[in-house]
Amino acid sequence: MAKTTKPTILHLTVDQLHRSDQNVRKKPSSAASDAEISASLLSVGLIQPMVVIPREAGGYEVIAGDRRRRLLTALAEADPSRKALTFPCMKVDDLSKVTEISMAENRAREAMALPDVYMGFAAIRAERREATLEELGAMFGYDVARTARIMRIANLHPEIMDLYSAGEIDDAQAQAYAATEDRSLQIAVYRQLEKEATRPHEKNASAIRKAMNSGNHELTKLMCYVGVDAYRAAGGEFEADLFAQDGAGIVQTPEVLHQLVEQRIAEDKDRFEHNISRNGRMLGEKWGLTDLDFSWVVTPPQIKQYGYLSTDHELRIRNPKRGDLPKDLAKIYASMETRFAAMIGEDDEPLPDQEEAYEKLAAEIAELDAQRTVILPKKGAVVAVASIENDGSFDVELWFADRAAKGAELPKGATEQRGPKPAPTPAEAERARFGLSKDNMQVMMLIRRDMIRAELMQSASAGSSLALDFMLFSQARTILTPAQGYGNTVYFHGEHQGINDLPHDEDGTTKIHDLVGSRPERAAWLTTKEGLASGEWMTVRDPIEGFALFRNLPDTDKNKVAAMIAGHMLMATTSVYSDGRTPRMVRELANCIEAEAGFGRWRDAVELDEAFFSTFSAKARLGLLETWGLADRAKGMKGNETAGFCARIANCDEEDAKLLGLHADDVAEAVNWLPDFMESATVEPLPAKEEPEADEDEADEMGDDDHDQIDEAA
């Protein structure tokens, strides 16, 4: 047997190491690979010694490990203190085996299997729990995004990780399971698919994500529209799928997402409505949507021809006219168009080095185009269909309402399809019953809100803690309601209260604000609020000193402060963007206030003047006068005169009643009248959740004994 010699280990500095022409590896390594090795050298140092031979000019040549030498040299140049460090090197004494050793050292290395890499990261995380993603990535030259993906797979359920290591699931399936950090959900989905799937494609990555409800196309589209930050700020739970390209993930509270979508669609529709014009008229205080002959529909106009029902595309307004931009923006727009044209090549595609700038400029041009007024055709009813595109953008299509609106003839044998008139929504039915328009219903709601805020102040002055109770209850009910998440997790998204976003009617210039701003109910609220704001406790600049003074205030003053805060909280229930119904919380609060000692009916607080009755339709006023026995008197009046007449009747005294010749019973009914929507009544409970019906098959499988037990229990 040949005698083996122990290799000689030298500890050399980077200045003693040089490149060797005898190294068999000639192709340079990639920048990404160099970054990983550099990070490892900085983190844990040189683990594998370099192989060297003596150099004629002095020092040593590296025949295996030249990349390590090169990167150590670069690190020493960046940090001169590293030049004094020594690194282990194995010296080759038999120069006849230099090429053989270099070849063996370079070919013997095999890249780690991916599961081993992920489990290695999991072990590092277990050893260094305090390390951040940035610190973990820096060990191997990875950015935060890549490190987060690695750690997500490293967090796989142990059973799934074992399957991954054994090659029973592939990389794509492992990434699909890693769409969530919830290990209980991972293993539950795996076992479900193993039990139910009968074909390979039923257990692939797409099937795994579908079982997890990750990457739902419709929810992903809506999330792009609303934005993840806004969704989370509203209490929604979202877990991003780090391996998806379109920002998909698991939406754990879709009801929050749908609520935000409804709110934003309403805002986008309102913005679009205020950007349309017809014959020089625009939506505003003078003109409404009816004047512009414009409305929203769910589906485009339909036509039935040859027995088939289809969309009548001839009614589509494909390129509606746009108004001009202001002069300053028009100059910018012209300059942007010139630059945009210069970025396009002969094949109508952006130049190779201009793609990014081309996309950015196109987005800026589109943003300016969106500021142009949409000019509707001079004649004909126009309907709009709103939709959300796959990229999350809001889109509106304009259509003529029917063939007559466009002035086009109906094809022979065809019929226009006008769907049945939809049943009115609860809000529409309520407004119709009261004889109010949508705007006027909102006015009434805001009037009642101002009344409640003033009443809260009065109850506080009387020593009542009603305002504080309301404020604490509302917040506790919203914050402290637990909901069960995946596995054993519990999150707190709040109890649904049916309230809207904070309105802006306090300092706006809308039609609704003009109708409400001059009301005495608003004046009563502002007077009490300004009186409280002028107190000394409000003028202290030091918050600590102010809090000390506040704690010394009597309970009555503290209750007034709570009343002011609760009054502002009421704004969340009466948004000008709502559909005009009095929210449940406001109605219940009205009941509580009337139940307080010293408070009577709302009839004593509301001002039933001419302006109040003018918000009703003429038909509703005539109906009201008829209930008061004054139908004959109202027949000779003009529509705008009945409002003042109603106000006179509702506020008449005994002498005025004699002048008008009113019966005593009618006077009693009139002076005690209050609109139904301002009466205190039992608040309807929220509808109960419908339980799914039992399958017929399951019912059929029940035996006679089972039915007897059920009948006996009933």
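Residues: numbered from 1 along the sequence shown. Hydrogens, waters and symmetry mates are skipped; everything else that's a heavy atom, side chains included, is used.
Within a 6.0 Å sphere centred on CD of E194, other residues, nucleotides and ligands contribute more than 12 heavy atoms. Counted within 6.0 Å of CZ on R318, heavy atoms from surrounding residues, nucleotides or ligands total more than 12; the atom is thus considered enclosed. Atom NZ of K221 is surrounded by more than 12 heavy atoms from other residues, nucleotides or ligands within 6.0 Å. Annotation: D391, atom CG; neighbour count of heavy atoms from other residues, nucleotides and ligands within 6.0 Å is above 12.
Distance check: E255 CD to L260 CG gives 10.5 Å after rounding to the nearest 0.5 Å. Of the inter-residue distances, the one linking T147 atom OG1 with M151 atom CE reads 9.0 Å to the nearest 0.5 angstrom. For the atom pair CD of Q173 and CD of E168, the computed distance is 10.5 Å after rounding to the nearest 0.5 Å. To the nearest 0.5 Å, atoms CE (M336) and CD1 (I365) are separated by 5.0 Å. Here CD of E356 is found 10.5 Å from CE of M343. Values are rounded to the nearest 0.5 Å. Atom OH of residue Y177 and atom CG of residue L163 lie 8.0 Å apart, to the nearest 0.5 angstrom.
In this structure, R152 contributes its side chain and A178 its backbone to a donor-acceptor pair below 3.5 Å. The backbone N or O of S387 sits nowhere less than 3.5 Å from a side-chain atom of E389 that would complete a donor-acceptor pair. The backbone N or O of G249 sits nowhere less than 3.5 Å from a side-chain atom of E239 that would complete a donor-acceptor pair. Looking at R19, its side chain never comes within 3.5 Å of a backbone N or O of V62 through a donor-acceptor pair.
The two residues C89 and L17 come nearest to each other via the heavy atoms SG-CD2, 4.0 Å. Nearest approach of A172 to A205, heavy atoms of both residues: O-CB, 3.6 Å. Counting all heavy atoms, side chain and backbone alike, I250 lies closest to S214 at CG1-CB, 3.6 Å. In this structure, K203 and L193 approach most closely via the heavy-atom pair CD-O, 4.0 Å. Across every non-hydrogen atom of R183 and N155, the tightest pair is NE-O, 2.9 Å. The minimum heavy-atom distance between I276 and E273, with the atom names listed, is CG1-O, 3.0 Å.
For the pair E159 and R191, the salt-bridge criterion is met [side-chain N within less than 4.0 Å of a carboxylate O]. With salt bridges taken as basic N to acidic carboxylate O contacts below 4.0 Å, one links D241 and R209. Residues D79 and R82 are not paired through a salt bridge, judged by the lack of any N-O separation under 4.0 Å between the basic side chain and the carboxylate.
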Checklist line | Working for side chain to side chain donor-acceptor pair (under 3.5 Å), residues D182 and S184 | finding: CA-CA 5 Å; D182 188 347; S184 60; 2.5 Å; yes

Note to self: What verdict does the side chain to side chain contact (heavy atoms under 4.5 Å, CB included) test give for I344 and Y358, after you've listed the backbone C-alpha separation in whole Å, the side-chain angles of each residue and the deciding distance to 0.1 Å?
What the structure shows: CA-CA 8 Å; I344 302 176; Y358 175 88; 3.8 Å; yes

Checklist line | Step-by-step side chain to side chain contact (heavy atoms under 4.5 Å, CB included) determination, R316 to F400 | finding: CA-CA 7 Å; R316 172 90 179 269; F400 284 104; over 6 Å; no

Check: Could you go step by step and tell me if L257 and L219 meet the side chain to side chain contact (heavy atoms under 4.5 Å, CB included) rule?
Finding: CA-CA 8 Å; L257 178 60; L219 294 180; 4.0 Å; yes

Next item on the list: Would you check, one step at a time, whether the test side chain to side chain donor-acceptor pair (under 3.5 Å) holds for N204 with S206?
Entry: CA-CA 6 Å; N204 62 14; S206 178; 4.7 Å; no

Next item on the list: List the steps and the verdict of side chain to side chain contact (heavy atoms under 4.5 Å, CB included) for Y231 and D229.
Entry: CA-CA 5 Å; Y231 168 74; D229 293 339; over 6 Å; no

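Side-chain contact check for Y190 versus L185: every heavy-atom pair is 4.5 Å or farther apart. Residues M50 and I63 are not in side-chain contact: their nearest non-hydrogen atoms beyond the backbone lie 4.5 Å or more apart. Taking 4.5 Å as the limit, some side-chain heavy atom of T311 sits within range of a side-chain heavy atom of W399. The shortest distance between side-chain heavy atoms of H157 and I160 falls below 4.5 Å. The side-chain heavy atoms of I153 and R149, taken from C-beta on, include no pair separated by under 4.5 Å. A heavy-atom distance below 4.5 Å is not found between the side chains of V256 and V251. Residues H258 and L222 have side chains in contact (heavy-atom distance under 4.5 Å, counting atoms from C-beta outward). Side-chain contact between N275 and R322 is present, with heavy atoms from C-beta onward closer than 4.5 Å.
No hydrogens or angles considered: nothing links the side chains of E237 and T253 as a donor-acceptor pair under 3.5 Å. Side-chain N/O atoms of Y164 and D171 include a donor and acceptor closer than 3.5 Å.
Checked against side-chain contact (heavy atoms from CB on, under 4.5 Å), A362 has the following partners two or more places apart in sequence or in another chain: F340. Residues forming a side chain to side chain donor-acceptor pair (under 3.5 Å) with S165 (at least two apart in sequence, or on another chain): none.
Remark: R372 is positioned above the aromatic ring of Y333, its terminal NZ or CZ atom under 6.0 angstrom from the ring centre and at most 45 degrees off the axis. Taking the centre and axis of the six-membered ring of Y225, the NZ or CZ atom of R264 falls inside the cone set by 45° and 6.0 Å.
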